[in-house]
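A note on names: the letters A, B, ... follow the listed sequences, proteins ahead of strands, and every chain is numbered from 1.
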Protein chains: 2
Amino acid sequence: MSQQRHGSTSGGSDRANAVPAFPDLPEATIARLPEYLRALHNLGEGGADTISSEGLAAAAGVNSAKLRKDLSHLGSYGTRGVGYDVALLIEQIEYVLGLDQRRAVCLVGVGNLGHALAGYDGFASRGFKIVALFDADPTKVGERIHGLIVHHIDELPQVATEETIAIGVIATPAGAAQAVADELVGAGVTSILNFAPCVLSVPANVDVRKVDLAIELQILSFHEHRKASLTALPGGRSATGAGNQEAVGS
Amino acid sequence: MSQQRHGSTSGGSDRANAVPAFPDLPEATIARLPEYLRALHNLGEGGADTISSEGLAAAAGVNSAKLRKDLSHLGSYGTRGVGYDVALLIEQIEYVLGLDQRRAVCLVGVGNLGHALAGYDGFASRGFKIVALFDADPTKVGERIHGLIVHHIDELPQVATEETIAIGVIATPAGAAQAVADELVGAGVTSILNFAPCVLSVPANVDVRKVDLAIELQILSFHEHRKASLTALPGGRSATGAGNQEAVGS
DNA sequence: CGCGATTTGTGCACGCCTTCACAAGCGCCT
DNA sequence: AGGCGCTTGTGAAGGCGTGCACAAATCGCG
Ligand SMILES: NC(=O)c1ccc[n+]([C@@H]2O[C@H](COP(=O)([O-])OP(=O)(O)OC[C@H]3O[C@@H](n4cnc5c(N)ncnc54)[C@H](O)[C@@H]3O)[C@@H](O)[C@H]2O)c1
Ligand SMILES: NC(=O)c1ccc[n+]([C@@H]2O[C@H](COP(=O)([O-])OP(=O)(O)OC[C@H]3O[C@@H](n4cnc5c(N)ncnc54)[C@H](O)[C@@H]3O)[C@@H](O)[C@H]2O)c1
């Protein structure tokens, strides 16, 4: 989820002022919208014109009531007795998420992980485009990866003036992440996706999301540990095929 | 996953010190423990013997009250007026997370991403060890990556009998993920970390966590969209920056 | 034209999580 | 010994999210 909400915790005003184009969606809802969107695309390719909340919920791995409530936050785009128009709903969700406008992404740290990310087509397929790669290692600068040339990190300000970069992805070692974040912020980046295992400090108007594999594994480890300590008296396995899924979370 | 929240283990049994099966920690707390652990290791290397909740909270990017409440769930390992003993707390958290026992991990799908994951030392540094790599592509089988040989996916059952594999990591295309998950479950894996953008269906006793880059980017995109539609100017800068994605309980 | 089947949208209750605020505990200094 | 400052641990309040259950809305059909 997001770490820094709107900065004003004590500011009494707020509330109901923001009427830009859409209401303030619950953070939990926002985190699920991309999942719905993916499910909708799959369904659309399967030839479905409309889909019920039950069906879409199953495809997205969530409760149908939750899905309906989530979608109700965007407005009423369903038809009672029928379901949701797949194409219309895709359009709406993409609009709310701001996916209708191409967003420029830059990637800093073209190492093991960065290399994989640079070639990931999951970026482009959702309106994101990697416009620049950066690294501090002179031996990597100039290298061509998936059609992009690796720039030196010092060139970031200049590249940023040529093209407005909204999102920066950090794939450097943890020790360099804060410095990189500072440079990204200085270059005008307002959203950061951080793969380095460390806490980043950024201005309040910058959003940071973190992906940490080690944390995911440790959470799984805890559940393994717990499961192992319950084997004494398991009480039976339920063979339900119910899928259960952790969300990301945010 | 299932939520058994009956009062089963309640009662007045206070297992304040040491060992056995532990209380049910809130899922939110579990997700933060690894972050505390990382911060503690950093602090420990910095030479600190004790750390206050305020200091540790800052290092982990959370509220200090939250941190204290989280730690209180594990028992009382702090000293009022002084703080927490770094080494002791590390030991306790590692125990609770089950990191004191080495957990065998296997990785399925040695492509772009899988290749990077196979070489990631963030696994080993927390008690995890990749014991096997699998892929379906005959041209990749036999390849040696970071000291490990890539096996064909069909060999999974056999390898699993040689070594108990607790955790499986899926880094295949989405279309193959469910089939791979089924095979992992069949081989006795009870925890899965899924990088493929799809919903997995597994038995109730298997935990699944999902990491989806595209979702992270889309959430950032939403906030970009929102920020762009607000022409107001924000205020100061805050020093928080933890990212944390949350999720629902397993 | 009305009726039943179907599905959305939502009021409501419940439980989890966060955060505040403070008493209790601990060490140190005088 | 006693006071004082510092820090933990926690009770309580409030907010957020979830899921149930149902009224309202819509379609198809006789
Ligand atoms: N490899 C993985 O599977 C994986 C998984 C999860 C998280 N991570 C994390 O992602 C980060 C990168 O991992 P990796 O395995 O790719 O490491 P890596 O060492 O292979 O790559 C790091 C890259 O960052 C570059 N770099 C270093 N300092 C820089 C700076 N100041 N500015 C720009 N570039 C700089 C290096 O030159 C190198 O190319 C690490 O923080 C790691 O913990 C890696
Ligand atoms: N590359 C990235 O940066 C990135 C980032 C996030 C998520 N992902 C996701 O991770 C997954 C892998 O991405 P990638 O870029 O490495 O793809 P890739 O095509 O490079 O690698 C996929 C690998 O899986 C193997 N494979 C296919 N079917 C298999 C099966 N049934 N059993 C075992 N192995 C099988 C393929 O042979 C291939 O080696 C995809 O689902 C992708 O969406 C990738």
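At a threshold of 4.0 angstrom between heavy atoms, the contacts of A:Thr29 with the nucleic acid are absent. Residue A:Ala65 is in base contact, counting any heavy-atom pair closer than 4.0 Å across all strands shown.
Salt-bridge formation is detected for the pair B:Asp207/A:Lys227: a Lys NZ or Arg NE/NH1/NH2 atom is positioned less than 4.0 Å from an Asp or Glu carboxylate oxygen.
Between the side chains of A:Thr190 and B:Glu224, at least one donor-acceptor pair of N or O atoms lies under 3.5 Å. Between the side chains of B:Tyr36 and B:Asp70, at least one donor N or O sits under 3.5 Å from an acceptor N or O. With hydrogens and angles left out, the side-chain atoms of A:Arg38 and A:His41 include no donor and acceptor closer than 3.5 Å.
If you measure from atom CG of A:Leu89 to atom C1' of C:dT7, you get 15 Å, rounded to the nearest angstrom. Counting to the nearest Å, the P atom of D:dG9 and the CG atom of B:Asn63 are 15 Å from each other. The separation between A:Leu56 atom CG and C:dG9 atom P is 12 Å, rounded to whole Å. The separation between B:Leu33 atom CG and C:dC17 atom C1' is 15 Å, rounded to whole Å. The distance between atom NZ of A:Lys66 and atom P of C:dT8, rounded to the nearest whole Å, is 17 Å. Atom CG in B:Leu71 sits roughly 16 Å away from atom P in D:dT7 (whole-Å rounding). A straight line from CG of B:Asp85 to P of D:dT7 spans 16 Å, rounded to a whole angstrom. Nucleotide C:dT18 holds its C1' atom 10 Å from the CG atom of B:Asp70, rounded to whole Å.
For C:dG9, the OP1/OP2 oxygens have a side-chain nitrogen or oxygen of A:Ser76 closer than 4.0 Å. One finds no side-chain N or O of B:Tyr77 lying less than 4.0 angstrom from the OP1 or OP2 phosphate oxygen of D:dT7. Listed pair B:Tyr84 / D:dG9 meets the phosphate criterion, a side-chain N or O lying under 4.0 Å from OP1 or OP2.
Relative to the side chain of A:Ser52, the nucleotides C:dC17, D:dG9, C:dT8 differ in distance, and C:dT8 lies closest. Checking C:dC20, D:dA23, C:dC17 against every side-chain atom of A:Arg80, the shortest atom distance belongs to D:dA23. Taking the side chain of A:Arg68 as heavy atoms from C-beta on, and the options C:dG9, C:dC17, D:dT10, the nearest nucleotide is C:dG9. Out of D:dG19, C:dT18, C:dT8, the shortest distance to the side chain of A:Ser53 is found at C:dT8.
Both A:Pro26 and A:Val82 lie close to DNA chain D; mapped to their nearest nucleotides by heavy-atom distance, the more 5′-ward contact belongs to A:Pro26.
Evaluation of atom-type donor-acceptor distances gives a pair under 3.5 Å for the side chain of B:Lys69 against the base of C:dT19.
Residue B:Glu54 comes nearest to B:Ser64 through the heavy atom pair OE1-OG, 3.4 Å, listed as atom of the first residue, atom of the second, then distance.
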